[in-house]
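Working notes for the structure below.
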Amino acid sequence: MAPRHDLTADGTKPSAAAAPRALVPHAPGPRTERPGPGGAEGEKPPAVGGTAAELLAGYLHHQAAELLRALRMHEETAGSAEAAAEAAQAVRHLRRAARRISGTLHTFRRLLDTAWADELAGELNWLSELLTREYDYGNRLERLLAALHRLSSAPGEPDGARSAGRPGVGAARAGALLERQLTLLRTRAHSAALQALGSGRFHAVADAVAVLASEVPLAGEPEGGATGGTTPAGGVARPAAVVLRPSAEQAHRRLVDAVDSLPFGPGALAHTLTVAEDRYDGAWHHVGTLLRQVRYAQEVMGEESPPLTTAARHLRRHREAAEAAAAAASAGRTPRIAPATAYALGVLHADQRHEVEAARLAFCRVWHPSGGADHAPLHV
């Protein structure tokens with residue numbers, strides 16, 4: 001497929017700012033002010049150098065160039081069995097850049113042309129989901145088959161013995177069923193991606209990203225750009241520490257509020273294996289989205305928070321386990337499957353829900369480092 005956009009554009013890296021530092025995401029107990037993305041409560045946030053326009057535009061230029069390079073790599077490797085690993089890597093880079101651009105446009109929306117930012121963020125979300133769905137199905141199948149193998153093996157057991165709760169003879173058929181279903185979904189996702197990559201919508205998104213690699217529509221910019229003699233209405237010509245930090249702190253407050261609404265405390269995680277097991281999955285996935293936005297805002301300002309990075313890793317693990325459990329449950333609802341197969345899928349489903357619970361507990365321990373999840377407020 002011949003691209004209609006410039007895939008060789010190079011964006012500049014964001015301006016240098018303060019040295020990386022740690023941040024306790026959320027400490028329990030009364031407070032008068034929640035910690036912002038730049039530092040823990042009671043500490044003065046580090047200075048951010050340059051103007052808001054320089055840092056924001058520089059970051060978006062860089063991520064747009066990364067996305068264009070990923071698109072070019074994907075176009076060169078997609079459909080080739082020999083380059084399957086390179087195609088998968090290109091999709092990972094594409095999703096990474098698309099999420100960073102989309103999250104940054106959302107967090108700093110008031111500093112940008114809002115209509116442009118909203119439209120581009122939505123289209124990037126569409127593009128990212130479209131191209132990554134195929135690989136997500138493949139990774140989910142690999143995860144489930146590996147879990148089935150782990151659950152089926154019984155190291156140290158005498159020959160012919162089988163521990164209670166293991167998949168048993170139905171494991172092989174359960175794996176075959178999962179492979180058929182997820183392979184079919186992956187094939188359909190691949191076809192949908194190929195069809196969309198030849199559409200005008202895809203080319204419009206690629207063209208918009210190519211423009212973003214060299215130009216960022218800021219809020220209220222006068223005609224003629226910087227030579228017009230007036231300051232943009234969004235205040236982007238002012239120091240970045242003054243203009244960007246309020247938006248970053250607002251994103252952090254949204255994250256804290258979302259985490260506070262999650263079910264924490266003794267026994268609050270037990271519902272992961274009840275009838276309403278996936279009742280809170282959506283809320284946890286939403287926290288993962290908000291956490292990414294906070295981390296991307298920190299990147300714009302040249303900061304980082306190791307605890308938030310660790311928390312994000314646990315939330316990724318949570319999403320993968322929840323989606324794998326849903327796939328196992330869906331396979332278990334297949335009509336007329338053998339009881340042994342259904343039993344194996346049930347064991348697999350329970351195993352993945354335990355992974356969900358473990359990921360939530362690990363996140364709680366990062367978010368509340370003083371007392372862990374058992375000392376967090378309970379919201380059911």
(message) Please check this pair: side chain of Thr341 against backbone of Ile337, looking for a donor-acceptor N/O pair closer than 3.5 Å.
(response) no

(message) Is it the case that the side chain of Asp351 and the backbone of Val347 share a donor-acceptor pair, with hydrogens and angles ignored and the cut-off at 3.5 Å?
(response) no

(request) List the steps and the verdict of side chain to side chain contact (heavy atoms under 4.5 Å, CB included) for Leu212 and Ile101. (result) CA-CA 10 Å; Leu212 179 61; Ile101 295 173; 3.8 Å; yes

(message) Could you tell me if the side chain of Val294 sits less than 4.5 Å from the side chain of Leu290, heavy atoms only?
(response) no

(message) Counting C-beta onward and ignoring hydrogens, is there a side-chain heavy-atom pair between Thr51 and Arg238 closer than 4.5 Å?
(response) no

(message) Please check this pair: side chain of Ser102 against backbone of Arg99, looking for a donor-acceptor N/O pair closer than 3.5 Å.
(response) no

(message) Test of understanding: clusters of I, L, V, M, F, W, Y form through side-chain heavy atoms closer than 4.5 Å, transitively. Do Leu68 and Val211 belong to the same one?
(response) no

(message) Given 3.5 Å as the limit, does a donor-acceptor pair link the side chain of Thr114 with the main chain of Arg110, or not?
(response) no

(message) Under the side-chain contact (heavy atoms from CB on, under 4.5 Å) test against Leu105, which residue among Asp113, Asp118, Leu120 passes?
(response) Leu120

(request) Check step by step if salt bridge (Lys or Arg N to Asp or Glu O under 4.0 Å) holds for Arg140 and Glu320. (result) CA-CA 7 Å; Arg140 197 169 306 153; Glu320 291 171 359; over 6 Å; no

(request) Specify whether Trp284 and Phe363 have parallel, tilted or perpendicular ring planes, treating 30° as the upper limit for parallel and 60° as the lower limit for perpendicular. (result) perpendicular

(request) Verify the distance criterion only: is there a donor paired with an acceptor across the side chains of Arg96 and Gln63 at less than 3.5 Å? (result) no

(request) Kindly state whether the ring of His285 and the ring of His318 have centres lying under 6.0 angstrom apart. (result) yes

(request) Look at Glu323 together with Arg319 and state whether they make a salt bridge at an N to O cut-off of under 4.0 Å. (result) yes

(request) State whether the side chain of Ser199 and the backbone N or O of Gln195 hold a donor-acceptor pair below 3.5 Å, judged by distance alone. (result) no

(request) Would you indicate whether the side-chain heavy atoms of Leu56 and Val243 approach each other to under 4.5 Å? (result) no

(request) Give a yes or no on whether a salt bridge exists between Glu66 and Arg69, defined as a side-chain N under 4.0 angstrom from a carboxylate O. (result) yes

(message) Are the side chains of Leu345 and Leu177 in contact, using a 4.5 Å heavy-atom criterion?
(response) yes

(message) Please determine whether residues Tyr280 and Leu291 belong to a single hydrophobic cluster, defined as Ile, Leu, Val, Met, Phe, Trp and Tyr linked transitively by side-chain heavy-atom distances below 4.5 Å.
(response) yes

(message) So Tyr135 and Arg95, do their side chains get closer than 4.5 Å, heavy atoms only?
(response) no

(request) Could you name each residue pair satisfying side-chain hydrogen bond (donor to acceptor under 3.5 Å, both in side chains) that touches residues 169-186, not counting sequence neighbours? (result) Gln181-Thr334

(request) Given salt bridge (Lys or Arg N to Asp or Glu O under 4.0 Å), test Arg295 with Glu304 step by step and report yes or no. (result) CA-CA 7 Å; Arg295 293 180 60 219; Glu304 70 173 7; over 6 Å; no

(request) Check whether any side-chain N or O of Ser330 sits under 3.5 Å from a backbone N or O of Ala327 as a donor-acceptor pair, and report yes or no. (result) no

(message) Quick test of your reading of the model: are Asp281 and Arg353 salt-bridged, counting only N-O distances below 4.0 Å?
(response) yes

(request) Answer yes or no: is there a donor N or O on one side and an acceptor on the other, between the side chain of Thr107 and the main chain of Gly103, under 3.5 Å? (result) yes

(request) For the pair Glu123 and Arg201, evaluate side chain to side chain contact (heavy atoms under 4.5 Å, CB included) and give the outcome as yes or no after the intermediate values. (result) CA-CA 9 Å; Glu123 291 299 279; Arg201 182 179 182 181; 2.9 Å; yes

(request) Answer with yes or no whether the hydrophobic clustering places Met73 together with Leu130; edges join I, L, V, M, F, W, Y residues whose side-chain heavy atoms lie under 4.5 Å apart. (result) no

(request) Measure the shortest side-chain to side-chain distance between Val216 and Tyr59 over non-hydrogen atoms and say whether it is less than 4.5 angstrom. (result) no

(message) Less than 4.0 angstrom from a charged side-chain N to a carboxylate O is my criterion; do Arg245 and Glu303 meet it?
(response) yes

(request) Can you sort out the partners of Arg188 under salt bridge (Lys or Arg N to Asp or Glu O under 4.0 Å), two or more places apart, ordered by chain and number? (result) none

(message) I want to check something: taking the side chain as every heavy atom from C-beta on, are Phe202 and Leu71 in contact at a cut-off of under 4.5 Å?
(response) yes

(message) Between Arg292 and Thr289, is there a side-chain heavy-atom distance shorter than 4.5 Å?
(response) yes

(message) Atom CD of residue position Glu86 - does it have more than 12 heavy atoms of other residues, nucleotides or ligands inside 6.0 Å?
(response) yes

(message) I'd like to know if Arg133 pairs up with Glu129 as an ion pair, taking the criterion as any Lys NZ or Arg NE/NH1/NH2 lying under 4.0 Å from an Asp or Glu carboxylate oxygen.
(response) yes

